[in-house]
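Everything on this sheet refers to the single structure shown next.
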Amino acid sequence: MNDTIISLDRHIMDEQRRYGGRGDFSAILSQIIFAAKVVAAQVSHAGLVEDILGRTGKTNVQGEEVQKLDVYANKVFINALNYIGKVCVMASEEENDMIRIPDEYPRGDYVVMFDPLDGSSNIDVNVSIGTIFGIYKRVTPDGDGILDDCLQPGHKLFGAGYIIYSSSTILVYSTGNGVNGFSLDPSVGEFVLSHPGIRIPPRGKIYSTNEGNYPYWKEGTREYIEYLKSDRNTRKAPYTSRYIGSLVADFHRNLLKGGIFLYPEDTKDPKKATGKLRLLYEANPLAFIVEQAGGRASTGYGRILDIEPTELHQRVPLIIGSREDVLEYETFAQKNQA
Ligand code: AHM
Ligand code: MG
């Protein structure tokens, strides 16, 4: 039996000692861990409790109105973070506007951006879903955080991570000193270090994309996917296709095994003309993690982390994964702009 299990709390404390800090970030992370455990517990019951599967307006046995799981997760994360005095403003994919800290609680120095339950169309069919978060230092001096605090480029991220609710619940995060993964041990109710020092292979053999969008992709993207499926590619053998349709799950697999995930812009749907996925809640945190693991994240035309955001719910093309694969896509994407 292993008697030197490293809990996530211990790891956070070790990182704080090693890299300094006042413990503010650790306090935020501890609340995210708590919220993740609450959401994980609900997700694991979702198959049993019919009413929490994607339906609202129903009442449960106590006569309370039942919330959709993504709405529930949103509230759990807000309530875990809004009272600790470390955060000045938040923004969530589930909310139209920024989330103010209630008047009765102090404001802190950090900004938290999150997607509380990504891949929510997969909830009803028992497929993996996840939470994604990014943490910035505020740019304004004090008081309520404002839009400028939220609209920071990803290279300013102080830390980022995700939680995947699957056969086990795993939390992966980085504060800019590499990437580590922790699995929730249900017998003790703690996350324990299971994936230390994650590095993504420089080249993979998996591609993940919604190929149903092929007719609406631009020329360069189509050619790239044809190239991967042929034996003309660098591997001299067709790539394997894997697409779950939950970004966190597709990303996590590729992070561990190597490969490329693509959600490029779409010429059919005007809403997806600039991509589907959200810069602040999805693309930036995962781009930060993949770079910390030695990979690359790009729009096809430039680095995700360099984008200066202009609005909260901004969408971007997201091409992310093994460094050599993403760089190769970028050479094909030049044709998209011709
Ligand atoms: P959501 O934030 O509404 O859940 O949408 C994001 C999800 C991602 O998890 C996934 O990568 C993508 O949408 C799948 O989109 P599609 O169904 O168009 O392939
Ligand atoms: Mg999402």
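Along the sequence shown, the residues carry numbers beginning at 1. Because only heavy atoms are used, hydrogens play no part in the values below, and waters and symmetry mates are left out as well, while side chains stay in. Both ligands and their constituent atoms are indexed starting at 1 by order of listing.
When hydrogens are left out, the protein atom nearest atom 18 (O) of ligand 1 is Tyr263 OH, 2.6 Å; that is the closest non-hydrogen contact. Closest protein heavy atom to atom 10 (C) of ligand 1: Gly245 O, 3.4 Å. Summary of contacts: the protein heavy atom closest to atom 4 (O) of ligand 1 is Gly119 N, 2.8 Å. Of all protein heavy atoms, the one closest to atom 19 (O) of ligand 1 is Tyr243 OH, 2.5 Å.
Between the choices Asp118, Val248, Ile129, the shortest heavy-atom distance to atom 9 (O) of ligand 1 belongs to Asp118. If you check each of Lys276, Arg278, Glu282, Glu93 against atom 15 (O) of ligand 1, the one with the closest non-hydrogen atom is Lys276.
Residue contacts with ligand 1: Phe261 is included, with a non-hydrogen atom under 4.0 Å away.
To the nearest 10 degrees, the Mg ion (ligand 2) sees OE1 of Glu93 and OD2 of Asp115 at an angle of 80°.
Checked against the 6.0 Å centroid threshold, Tyr224 and Tyr329 count as a close aromatic pair.
Near Asn210, meaning under 4.0 Å from any of its heavy atoms, are these atoms of ligand 1: 16 (P), 18 (O), 19 (O). Close approach of ligand 1 to Leu247 (heavy-atom distance below 4.0 Å) involves ligand atoms 8 (C), 9 (O), 10 (C), 11 (O). Those atoms of ligand 1 with a heavy atom of Ser246 less than 4.0 angstrom away are 9 (O). If you number the atoms of ligand 1 from 1 as listed, the ones under 4.0 Å from a heavy atom of Asp115 come out as 2 (O).
Taking CZ from Phe34 and CG from Asn79, the interatomic distance works out to 9.5 Å, rounded to the nearest 0.5 Å.
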**Message:** Evaluate Asn213 against Tyr263 for side-chain hydrogen bond (donor to acceptor under 3.5 Å, both in side chains), listing each step before the verdict.
**Reply:** CA-CA 9 Å; Asn213 291 327; Tyr263 213 115; 3.2 Å; yes
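The name of the N, O or S atom in Glu282 nearest to the Mg ion (ligand 2) is OE2. Sorting the N, O or S atoms of Asp118 by how far they are from the Mg ion (ligand 2) puts OD1 first.
Just one of Asp144, Asp149, Asp142 meets the salt bridge (charged side-chain N to carboxylate O under 4.0 Å, His left out) condition when paired with Arg107; it is Asp144.
Taking 4.0 Å as the cut-off between side-chain N and carboxylate O, Lys68 and Glu94 do not count as a salt-bridged pair. A salt bridge is absent between Glu324 and Arg296: the closest approach of a Lys/Arg side-chain nitrogen to an acidic carboxylate oxygen does not fall below 4.0 angstrom.
Counting non-hydrogen atoms of neighbouring residues, nucleotides and ligands closer than 6.0 angstrom, the NZ atom of Lys205 reaches no more than 12 such neighbours.
Follow the hydrophobic side-chain contacts under 4.5 Å out from Leu151 and you never reach Val112; the two are in separate clusters.
You'll find the side chain of Ile12 reaches within 4.5 Å of the side chain of Tyr173, heavy atoms only.
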